[in-house]
Number of protein chains: 2
Amino acid sequence: MFESSTIKDIARALNLSTSTVSRALRDSYEISAGTKKLVMDYAQQVNYRPNPNALSLKERRSKSIGIVVSEVANHYFSQAINGIESIANSRGYTVIITQTHESVERERTNVQHLASRSVDGLLISLSAETNDVSHLEQLHERGLPIVFFDRVPERINTYKVIADNAQGAYEATNHLIQSGFKKIAHISSSGHLSISIERLTGYTQALHENGLSINPEHIKNCPHGGMIQDEVETAVKELLSLQDKPDAIFVAGDRLTMGCMHVLKKLNMLNPTMIAIAGFSNSDVLDLFNPPITSVFQPAFDMGQLATEKLLELIEAKFPVTEFDREILHTRLYIR
Amino acid sequence: MFESSTIKDIARALNLSTSTVSRALRDSYEISAGTKKLVMDYAQQVNYRPNPNALSLKERRSKSIGIVVSEVANHYFSQAINGIESIANSRGYTVIITQTHESVERERTNVQHLASRSVDGLLISLSAETNDVSHLEQLHERGLPIVFFDRVPERINTYKVIADNAQGAYEATNHLIQSGFKKIAHISSSGHLSISIERLTGYTQALHENGLSINPEHIKNCPHGGMIQDEVETAVKELLSLQDKPDAIFVAGDRLTMGCMHVLKKLNMLNPTMIAIAGFSNSDVLDLFNPPITSVFQPAFDMGQLATEKLLELIEAKFPVTEFDREILHTRLYIR
DNA sequence: AATGTTTTCGGCAACGTTTGCGTAAATTAA
DNA sequence: TTAATTTACGCAAACGTTGCCGAAAACATT
């Protein structure tokens, strides 16, 4: 159907051998200037492009990397993807993006699929459901380069790129406290996720340092990170029906923040006099809200770039890398 | 580095020929039941996965399709991508997503790259800058299956999947009129885009039918579809400084709508008593705004699905397809 | 003129897979 | 028992590319 010319075609047309054509195109020293020009001109003319599948087969690498995120509609991830692409493309790599929609099942199939597609490496942020990472451990042990970002597992020893979630959460919670709120609740994604744990740490630290006690009832988890709106709605409603009703909520995620606001809107309580909100979000629409929402902004683009650089380092390493670090990037509080 | 077992390995281990193994795995009738079981069990055991590159090389197809959109951060596109993935994955295809960020230059390189990556087909929504589609025409003439969606070119004869932009624009404009606004401006993306033309048609029709005259000064274009915020800011400010100052704006795009609101917010005019807004958008955060924004919702997911079905129809066609249609899906006005 | 060196190119194998063809062995038919 | 047929498998080529090895031609050295 869609045929493009091959090195063989060129060889036939020019009455040369395929090896000569191959070398001429790669500007090898053992080909005369005349032949080189002949070949290159002709290749240009017929718009020759090397077949990447043949290359991959031969070189045993595909020059592609797989990305696994929750969903591209999340501004944090879309910005991270932009960062990933900027590095990957400039280094000649194609990226294949897959979405888990926070389902561990889809994470497994995506990872399986990417691996069997023979990507050279994987860039992953775990799904909210993911507790058991054995599917990734296997691949990692078999030598597939993997770099985790944002939501990282404890167990697997490789590069990890994360934001300073504790610090970000601390600042956001502290901001709410400084703004005069005293009873601050916390809604977070799945409790076992690294980001949830770290953000919870920041939250509790802020309360502590301000001499506020922590009410366990004020801490809610949504196991599907906001993908299931019912979970968010239940969490918010439970908070609101508490005897010790909170006057503010620190929400630990982009999608969760939106979900939370939808619930409050529905309850006609989207108003800081009713209940205030601060969240983790990379969306710039937050300041269009009335009232605008203070949020912790993560350097998503930079994180994507850094993670990709680390991954390419692994992929292109001459010798197996055994020493890995954990890069922690600073967040920034947008006070609105 | 990351080696997986091949048919050869299995053959060697089982003392069989590669052809026997291959046939056994494909459950060929010319292999005895015993051998089949032997092979399949062993393949299972070593977690054999066929090498996709070898397959692609042999079958001359990659079982992958390329997607070209402006940016995944746009809710219309992210939803369309979900639709595309749902069909593509269920049919065994991998999707490679690329973003133009509304630049025709990036569109060219992306398309080039995808073509040389030997995708089996392309799913494209043109960038705002794209006027000349010769880079796509070339590939299309050489036989690469292409389906356009959302922003489609006039010239290239293939399947096209679009929303009823004129109708959507008509309804949104009409809604503003029915809400009592009399002087309705229009901010749109690049003027040559199909969506811009169609939405302009709906806008003018609504004004006409309501006996309102059309002021050319009320119609503004942003050649980069909102990617360059300065363009949006200039457009809005020009509208506001007009003698015949509009009392409402119909904004023809997701990103443009957000951009527009940011400008108004900055000018402290984000208020329907100052100026009202209705837009094209698939984002669900619009009703979190105060005041909420009425918007035209496109069936993005369905459009993605339909476009993919059409593309796979082209890819898997036995004979060249010459008859193409233009699928038009209905929009829905969310009155907020 | 004979030998040694370059220069320039072709042949072949290999990457992992499928498939048409060939063919021993096993089975059936005569 | 012999011939015809079926069963079950192996061989080799092909997809597009590169790299090793070999070799003809051109040139340089005695």
Side-chain angles (χ1 to χ4, degrees), chain A residues 1-40 42-43 46-64 92 115-120 142-143, chain B residues 1-40 42-43 46-64 92 115-120 142-143:
Chain A
M1 190 72 103
F2 177 66
E3 308 291 342
S4 52
S5 52
T6 73
I7 241 174
K8 278 190 186 177
D9 299 332
I10 300 180
R12 208 173 309 128
L14 264 43
N15 221 0
L16 290 168
S17 77
T18 57
S19 21
T20 303
V21 174
S22 171
R23 273 182 288 247
L25 290 172
R26 327 189 91 245
D27 203 22
S28 160
Y29 69 98
E30 26 183 4
I31 301 296
S32 72
T35 313
K36 268 186 199 168
K37 182 160 167 37
L38 197 67
V39 171
M40 287 180 160
Y42 187 79
V46 298
N47 191 34
Y48 167 78
R49 307 273 160 199
N51 181 318
N53 291 311
L55 262 318
S56 298
L57 188 58
K58 191 134 191 45
E59 314 281 335
R60 291 157 142 176
R61 56 175 175 71
S62 59
K63 278 273 191 177
S64 68
S116 83
R117 269 271 158 193
S118 67
V119 291
D120 296 341
R142 283 172 52 202
Chain B
M1 189 74 104
F2 177 67
E3 308 290 341
S4 52
S5 54
T6 74
I7 241 173
K8 278 190 186 176
D9 299 333
I10 300 180
R12 206 173 310 127
L14 265 41
N15 221 0
L16 289 169
S17 75
T18 58
S19 24
T20 303
V21 174
S22 171
R23 274 185 278 249
L25 290 172
R26 327 188 90 245
D27 203 21
S28 160
Y29 69 97
E30 28 183 4
I31 302 295
S32 71
T35 312
K36 270 186 197 168
K37 179 157 170 40
L38 197 69
V39 171
M40 287 180 160
Y42 187 78
V46 298
N47 191 33
Y48 167 77
R49 306 275 159 197
N51 181 316
N53 291 311
L55 262 318
S56 299
L57 189 57
K58 190 129 193 48
E59 314 281 336
R60 291 156 142 181
R61 56 176 175 70
S62 59
K63 277 273 190 176
S64 68
S116 83
R117 268 271 158 191
S118 67
V119 292
D120 296 340
R142 283 173 51 203

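Side-chain atoms are counted along with the backbone in the values below, which use heavy atoms only and exclude waters and symmetry mates. Throughout, a chain's letter reflects where its sequence line sits, starting with A, and its residues are numbered from 1.
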Colleague: What does nucleotides 12-21 of chain C look like as a protein-contact string, B for base, S for sugar-phosphate only, - for none, at under 4.0 angstrom between heavy atoms?
Modeller: --BBBBBBB-
Colleague: Is a donor from one side chain sitting under 3.5 angstrom from an acceptor on the other, for Asn51(A) and Arg49(A)?
Modeller: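 Their side chains do not contain a donor-acceptor pair, so the 3.5 Å distance test is not met.
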Colleague: Considering only heavy atoms of chain B and a distance under 4.0 Å, specify the first and last nucleotide of DNA chain D in 5' to 3' order that meet this criterion.
Modeller: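 From 5' to 3', the first and last contacting nucleotides are dA8(D) to dG16(D).
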Colleague: Let me confirm one number: the CZ-OG distance from Arg117(A) to Ser56(A), rounded to the nearest 0.5 Å.
Modeller: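 One gets 10.5 Å once the value is rounded to the nearest 0.5 Å.
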Colleague: Quick one, Leu25(B) and Tyr48(B) - any side-chain contact, counting heavy atoms below 4.5 Å?
Modeller: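 Heavy-atom side-chain distance check passes, below 4.5 Å.
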Colleague: Report the distance from atom CG of Leu38(A) to atom C1' of dT8(C), rounded to the nearest whole Å.
Modeller: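 Rounded to the whole Å, the gap is 14 Å.
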Colleague: Can you confirm whether Lys8(A) sits close enough to Val21(A) that some side-chain heavy atom of one is under 4.5 Å from a side-chain heavy atom of the other?
Modeller: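 No - every pair of side-chain heavy atoms lies 4.5 Å or more apart.
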Colleague: Has the side chain of Ser22(B) got a donor or acceptor atom that lies under 3.5 Å from a matching backbone atom of Thr18(B)?
Modeller: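 Side chain of Ser22(B) to backbone of Thr18(B), a donor-acceptor pair under 3.5 Å: no, none is there.
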Colleague: Could you give the angle between the helix axes at the two ends of the helix from dA1(C)-dT30(D) to dA30(C)-dT1(D), with five pairs per end, rounded to 10 degrees?
Modeller: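 One end's axis against the other's: 60°.
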Colleague: Calculate, to the nearest 0.5 Å, the distance between atoms CE and CD1 belonging to Met40(B) and Ile10(B) respectively.
Modeller: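 That separation rounds to 11.0 Å.
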Colleague: For a quick check under 3.5 Å, do Asn53(A) and Ser118(B) share a side-chain donor-acceptor pair by atom type?
Modeller: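 Per modelled atom types, Asn53(A) and Ser118(B) side chains form a pair under 3.5 Å.
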Colleague: Across the strands shown, which category fits Thr35(B) at heavy-atom distances under 4.0 angstrom: base, sugar-phosphate, nothing?
Modeller: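 Sugar-phosphate, no base atom in range.
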Colleague: Show me the side-chain donor-acceptor pairs of residues 30-39 of chain A shorter than 3.5 Å, one per line, residues at least two apart or across chains.
Modeller:
{"residue": "Ser32(A)", "atom": "OG", "partner": "Thr35(A)", "partner atom": "N", "Å": "3.3"}
{"residue": "Ser32(A)", "atom": "OG", "partner": "Thr35(A)", "partner atom": "OG1", "Å": "2.8"}
{"residue": "Lys36(A)", "atom": "NZ", "partner": "Asp27(A)", "partner atom": "OD1", "Å": "3.1"}
{"residue": "Lys36(A)", "atom": "NZ", "partner": "Ser28(A)", "partner atom": "O", "Å": "3.0"}
{"residue": "Lys37(A)", "atom": "NZ", "partner": "Asp41(A)", "partner atom": "OD2", "Å": "2.7"}

Colleague: Filter on salt bridge (Lys or Arg N to Asp or Glu O under 4.0 Å), then keep only pairs touching residues 51-62 of chain A, sequence neighbours left out; what's left?
Modeller: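 Salt bridge (Lys or Arg N to Asp or Glu O under 4.0 Å) check on residues 51-62 of chain A returns no pairs.
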Colleague: Mind checking salt bridge (charged side-chain N to carboxylate O under 4.0 Å, His left out) for Arg12(A) and listing every partner two or more places apart, or none if nothing turns up?
Modeller: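 Once residues adjacent in sequence are excluded, the partners of Arg12(A) under the salt bridge (charged side-chain N to carboxylate O under 4.0 Å, His left out) criterion are Asp9(A).
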